[in-house]
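Values below: every heavy atom of this structure, side chains too, minus hydrogens, waters and symmetry copies.
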Amino acid sequence: MEMNLGIPEIPLFFSSLKFPVPNFLQNPICVHGPSLFIHVALVFGVILSWVCKKLSKSLTGQHRDRAFRYYKPVFFSSVALSLYNLVFCCLWYFHWYKNGWTDEKLLIILDLAIRAVAWLLISVYLHTQFLHSSYLKFPLLLRIWWGFHLAVSCYCLVIDIIQWREGQYLPIQVLGSDIVYVISGVFFCCAGVFGKVIKEDADLQEPLLNGNGSLDSSKAAESKTVSPYLNANFLSKSTFSWVGALISKGYKKTLDLEDVPPLSGKDNVNESYKIFESALESSKDGHSRNVTAMKLVRALLFTTWMDILWTAICCLLYTLASYVGPYLIDTFVQYLNGKREFNNEGYVLVSAFFLAKIVECFSQRHWFFKLQVVGVRAKAVLIESIYNKALTLSCQSKQGQTSGEMINFMSVDAQRVGDFTWYMHDPWMVILQVALALSILYKCLGLASIAALIATILIMLANFPVSTLLEKYQEKLMKSKDKRMKATSEILKNMRILKLQAWEMKFLSKIVELRNSENGWLKKYLYTSAITTFVFWGAPTFVSVVTFGACMITGIPLESGKILAALATFRILQEPIYNLPDTISMIIQTKVSLDRIASFLRLDDLEPDIVEKLPRGMSEVAVEIIEGNFAWDPSAPSPTLKDVNLRVKHGMRVAVCGTVGSGKSTLLSCVLGEVPKLSGTLRLCGSKAYVPQSPWIQSGKIVDNILFGREMDNEKYQRVLEACSLKKDLEILSFGDQTIIGERGINLSGGQKQRIQIARALYQDADIYLFDDPFSAVDAHTGSHLFKECLLGLLHSKTVIYVTHQVEFLPAADLILVMKDGRIIQAGKYNDILSSGTDFKELVGAHEEALSAFDSFEGGVAKPTSDEEHTVTKTSQEQSNGGQSDKIDDMAVPKGQLVQEEEREKGKVGLAVYWKYITTAYGGALVPFILICQILFQVLQILSNYWMAWATPVSADVKPAVDGSTLIIVYVALALGSAFCVLARSTLVVTAAYKTATLLFSKMHYGIFRAPMSFFDATPSGRILNRASTDQSAVDMNIPFQVASFAVVTIQLLGVIVVMSQAAWQVFVIFIPVTAISLWYQQYYLPSARELSRLVGVTKAPVIQHFAETISGSMTIRSFDQESRFCETSVKLINEYSQPGFYSAATMEWLSFRLDLLSSITFACSLIFLISIPVGLIDPGIAGLAVTYGLNLNMLQSWMIWNLCNMENKMISVERILQYTCIPSEPPLVIEENRPERYWPSYGQVNVQDLQVRYAPHMPLVLRGITCTFPGGKKTGIVGRTGSGKSTLIQALFRIVEPATGQINIDGINISSIGLHDLRSKLSIIPQDPTMFEGTVRSNLDPLEEYTDEQIWEALDKCRLGDEVRKKDGKLDSIVTENGENWSMGQRQLVCLGRVLLKRSKVLVLDEATASVDTATDNLIQQTLRERFSDSTVIIIAHRITSVIDSDMVLLLSHGLVEECDSPLKLLENKSSSFAKLVAEYTSRSKSKVESVG
């Protein structure tokens, strides 16, 4: 018998050889019979062992994983031998199937098949059972078997050697197999002798499965600081085994951030940023305005040049290797046709194909991995540079950039630059690929390759108009997104006031309007992309039609081998041409993003020379300003502060007072160096601390806010808590000072936030303290305590400059500055300036006028005697500091932090998410049509190639099946049909994508705006913004194409399998197990990849949140000289954000590398099958077509799995958006069947019955059973120490929080029974934190556009802002910047007053409404309220006793309960009442301080 395998004829195994050994030993039965018997015994032994272990498992228990010496080499050698035997079994079977059977041949086939099964069973046993067993060495059965295996293998090899010495013919397969068996037998025997347990409880260390192995305890600590990538050896890096330990861990448990190894070296942003910064500084010549997009590119290249060079080399190798296949196809077809150039040519060709695929695999995987590493690094350094810039921006620059825009620089633009690395090498790679393609085409088709070049150039030229359009749309899209994100950011910050005013749906409509504008550009962008997809999917077909047409015209003969080489070339050329529009689009997008980042980095920083800083002790003067002129806007016609002269010595207390808008806060900002200096000198000697008027609190623990980067000194810490009256508050809070504060201190009262701020300043132990009206947000008790214990106590030896509207705190100052219109008009001691001018006298007079209100209560308030005064003071201190006797006893309720960890789905992305996504647009009706279009496209593509392979002759001496014109006409018709299918598919995809993105956006934002306030209290805005920007961008631009790509590549893969099966159906014998292994690998990999992708989303939110907090608190951060610490925190958060991204890339390449290897083996096997088929049994053209398609097999198979994994990773964005579409909503805005009358409430009586309120189910009660009545048309004052529940009561009135039990009735209607808008629109409130939105004065006063200009001017005049607005150029259309930053705090509070004057509700609530205005303005406001709301129910929460003393009723709260409730007169008559003591202390403090200087 002879066998044709592409080498000289091979005799049957041993059958035709003359053996010099005894005859019975020559018989194949003598070799294969015992081998078969031993292998069958082994199979039964392994199965029996397995069954016994299963039965005894419940008795012996499960042993833990162990590290076992030689385990992994044995495991993978067993797998390799199984595959090796399977391949040879198939080869012999296919040969003898054609040439007839004998008993000996059947025995050989059975032997090889049983060997394959046996070795596979050993592999499975080792992987699933052995490592969980109690064996200290490999099982005895295995070791005995390995001995037999070595003996039989050596016996066969001896026979081979004897034959060779006898000069007999020896087939290479036989000798090679026996050598492999002997080597494996020696190895297995050595493993059996030396293999043993190294360590229990270790992670498995599989080089191709689980990485380099688990670290021992000595290395565990090192692994915390060093990336496993840096420690990996060459083999581990080559095969990505170093990341295997992480994948193994992710397979066994859900990965958390602490499971992800850290980054080190240049992958750590700390190191890479230094390189980047150095490169950028050297290119901009010390001037920040010199930053350009090109200089950013240079700095980024300098930071990553080594990795970029390595990826370029890999890219070059990949490109060269990918063209080996097309180059050899013609030769391969001729070989199948019977033309042999030399012996073993078939195996040489197969080896060349296989080697090229292996080079492709290694180079592409490392190319992709390093590109992603470069992207992670570039993104990280850009985020850090944006963060550092935001920390040093001047106030003028900051006004031109809203926080939403700056967040977009970080979350969108930096991300896009990082993503661009995928496309980095495409421009030059396209040129190289076209050049290689043309050279192959020239070899095959001669001068017709010129036509291919011209066609390719025409396609590329078509990019110019398309790229211009894409650039335009991209730029407009980003600007629209910026506007939307800016508005979203501002709305989220002020959601409380929107809900109080029932404005949230109006502001939602504004967001929807902005989104509609964005949608216009998104639609244009998507449909333009669809056109480019159509053009470039059709490009390879267009090039092939032009090329083959040129061949027909010029008479160049078309042969199937040459046509297949050309088709393979066009197929490879398809990828760069197809990716060309994406590359151009990405270049455009990246250029836009780099320009935006560069323009931000060009903005002016704070001038470093504004303040001349002197070291501590260098001067007796702490603060000195000489002839200072300062302006927030240096280009303004007149300075903000004019002719300022100030000299403050160490230890002085300086008070700053004046009317609203006189420049008090600006003076403090000048001292801090925040206001541009026009002229003069400003000197500071010593460190400084600053307490702003609007509290700035970081998210995090209370203790961290107070320490603010300092080490804990418990003694000093306790003193500070005592001085700031915080001890009682911490006792009330479930977690004490470990309580996590929500974003912007959202779960604290205004007074608590202010006192934490003061504590933060005191703990710093600075030399100079600047207080911007810190006593306005606290009650009288606490304010007096703070002044005494802080300013007069702990800070008695410090330099203190404090702004205040409370005259009672002025006499204690060594120097008082009176400001008006940006000038210091009076300066001196209290009595001196009181007698020297009118302005200060007016302020003091207004205060005395307010105090005179007490005189109307005859005998109600007497000046206490010294004994009484002592008692009052003691009482106030007890209330301030919180005596132990007042401890809340209701602590048995469940305790929990308000701010919880971000919700993160775990496990695989559910099918429900995919289903919701694909059915969101038109109920999924377009999906079948998209699939049909793609299937038709694939069928037509295959038919067109099949037609060319079948209709053209194999060689020139064969007559063609059809004439040339028919050949081209049919091909063109099929090509046009496929092009039309692509156009239809791409159009349908973008239509569905646009509709889906629009609907998901609307649902998510409706869910957010309808969420209860508790959701915003517990959810940092960074989490919401992350979904509104990054996740929404993914839904807009990435996910639809990712899903479509998966469908496309799956259909393509099925097409390739169909084509290959036509030529060699035997490939299924290899393809099926390889596919099964691929799917197992995918399932093994997916849990880790999924969680890493989720961690990328979860770790991004803290980066954005920290950035947003830094922007809002930059002045405070700079005042404490804490920039470096915040930068370190930023670096830490960016590294934590980069970690999962880095390892996600590594795990992806780990999988892709293994899938590529398996695909290459499948391809090589299919080639071996083809060269094993006798000549003439199959059409060489069809076989060549199968090879042409098979060249893409590894790419398509790994691409399909990669797409599947990447699609799941991307779908997490949809999952995160869907989370926010399902937020529990507030009660209905309107209940149609229970709407109140139009004029409700007509009387305004508010009845509160047994009201209990808590902020979350897991938190303690804040109001613990309040029952009281607010008379209709009367004025009621609510007083009580900070944290007593005053603001919570008001929130319950507006149903911001729903009662746990009890109810509130207004005019007999239970407010819980009507719609929220019906309730809130009938009530008015001036909140504690005055809020203004970006826009105009008109839009701030009347956002719903319900009032005329005359009514608005009338309201402005009544709230004392009319003259101020008339001074501005735009009048009612004057610009209001983000958060109303260009208005003072007092002016913002007056704008809030203007809103309620316009609304004129029957129930009005003032929550510390006049805390930020001076006493004179407060008196005017109170007078206005008395005039305009004389018949309304007015509820006032105030810390100034003068604001509530003329109320009809006073409600005094304490620890969530009503302590006193009566008219002020009755309460004052009872000297022992808490209110009487409060008033007595206030009047005695105010009068004594004024009189003490009299």
Side-chain angles (χ1 to χ4, degrees), residues 386 400-416 472-495 498 503-526 589 592-593 596-597 599-600 993-1011 1016 1019-1039 1100-1101 1104-1105 1107-1108 1111 1213-1214 1216-1217 1220-1221 1223 1333-1336 1339 1343 1375-1379:
I386 291 166
Q401 301 287 330
T402 64
S403 58
E405 288 172 330
M406 289 190 267
I407 287 169
N408 256 1
F409 293 141
M410 180 179 281
S411 64
V412 177
D413 293 303
Q415 178 73 46
R416 183 165 289 119
K472 174 187 172 185
Y473 296 153
Q474 175 65 25
E475 198 167 347
K476 298 287 188 183
L477 185 62
M478 287 307 300
K479 284 182 178 176
S480 301
K481 191 185 291 291
D482 276 351
K483 287 181 182 176
R484 173 173 63 82
M485 287 306 299
K486 172 178 163 186
T488 306
S489 176
E490 187 176 37
I491 286 169
L492 290 176
K493 281 182 186 174
N494 300 299
M495 186 58 78
L498 295 185
W503 290 346
E504 70 267 38
M505 301 316 289
K506 173 68 176 179
F507 278 77
L508 173 60
S509 68
K510 288 186 178 181
I511 295 293
V512 171
E513 283 174 24
L514 291 169
R515 174 65 181 180
N516 288 339
S517 170
E518 185 182 341
N519 279 343
W521 298 113
L522 176 64
K523 194 172 188 177
K524 291 176 181 176
Y525 182 86
L526 288 174
Q589 292 178 37
V592 170
S593 290
R596 284 158 48 84
I597 293 172
S599 67
F600 177 67
Y994 174 76
K995 185 70 173 177
T996 302
T998 305
L999 289 174
L1000 285 178
F1001 176 91
S1002 300
K1003 287 179 181 177
M1004 176 177 72
H1005 280 73
Y1006 183 79
I1008 290 170
F1009 275 72
R1010 287 288 292 117
F1016 299 96
T1019 308
S1021 62
R1023 292 183 194 171
I1024 304 173
L1025 291 173
N1026 203 5
R1027 283 166 171 80
S1029 61
T1030 308
D1031 292 325
Q1032 186 63 47
S1033 288
V1035 170
D1036 288 347
M1037 317 275 281
N1038 301 113
I1039 293 174
K1100 186 171 186 177
I1104 294 176
Q1105 185 183 340
F1107 182 55
I1111 294 168
S1213 287
V1214 176
R1216 284 159 56 82
I1217 286 175
Y1220 277 20
T1221 62
I1223 304 167
F1333 300 93
E1334 186 173 11
T1336 63
S1339 67
I1375 297 299
V1376 177
T1377 59
E1378 188 181 19
N1379 300 322

When rounded to the nearest 0.5 angstrom, what is the spacing between [atom1] in [X] and [atom2] in [Y]?
{"X": "N516", "Y": "E513", "atom1": "CG", "atom2": "CD", "answer": "7.5 Å"}
{"X": "F507", "Y": "T488", "atom1": "CZ", "atom2": "OG1", "answer": "12.0 Å"}
{"X": "K486", "Y": "I491", "atom1": "NZ", "atom2": "CD1", "answer": "12.0 Å"}
{"X": "L508", "Y": "W503", "atom1": "CG", "atom2": "CH2", "answer": "16.0 Å"}
{"X": "I1008", "Y": "I1024", "atom1": "CD1", "atom2": "CD1", "answer": "5.5 Å"}
{"X": "Q474", "Y": "K479", "atom1": "CD", "atom2": "NZ", "answer": "12.0 Å"}

At their closest point, which heavy atom of [X] faces which heavy atom of [Y], and how far apart are they?
{"X": "I1039", "Y": "V1214", "answer": "CD1-CG2, 3.5 Å"}
{"X": "Q415", "Y": "S411", "answer": "CB-O, 3.4 Å"}
{"X": "I1111", "Y": "M406", "answer": "CG2-CE, 3.7 Å"}
{"X": "L522", "Y": "M1037", "answer": "CD1-SD, 3.7 Å"}
{"X": "S1029", "Y": "N408", "answer": "CB-OD1, 4.2 Å"}
{"X": "F1107", "Y": "I407", "answer": "CE2-N, 3.8 Å"}

Task: Exceeds 12 heavy-atom contacts within 6.0 angstrom, atom NZ of K476 - done: no

Open item on the list: I'd like to know whether NZ of K995 has more than 12 heavy-atom contacts from other residues, nucleotides or ligands below 6.0 angstrom.
Closed with: no

Would you mind reporting whether [Y] and [X] have side-chain heavy atoms less than 4.5 Å apart?
{"X": "S480", "Y": "L514", "answer": "no"}
{"X": "Y1006", "Y": "M505", "answer": "yes"}
{"X": "Y994", "Y": "N519", "answer": "yes"}
{"X": "R1023", "Y": "Y1220", "answer": "yes"}
{"X": "M478", "Y": "D413", "answer": "yes"}
{"X": "I511", "Y": "F1001", "answer": "yes"}

Task: salt_bridge(E518, R515) N-O dist < 4.0 Å - done: yes

Open item on the list: Tell me whether S599 contacts the main-chain N or O of R596 through its side chain, where contact means a donor paired with an acceptor under 3.5 Å.
Closed with: yes

Task: A1028 backbone acceptor or donor facing R484 side chain under 3.5 Å - done: yes

- [ ] Assess K524 against W521: is NZ or CZ under 6.0 Å from the centre of the six-membered ring, and within 45 degrees of the ring's axis?
- [x] yes

Task: No-hydrogen, no-angle side-chain donor-acceptor test under 3.5 Å, K481 and S1033 - done: yes

Open item on the list: For N494 and E490, which I'm curious about, is there any donor-acceptor pair between the side chains at under 3.5 Å?
Closed with: no

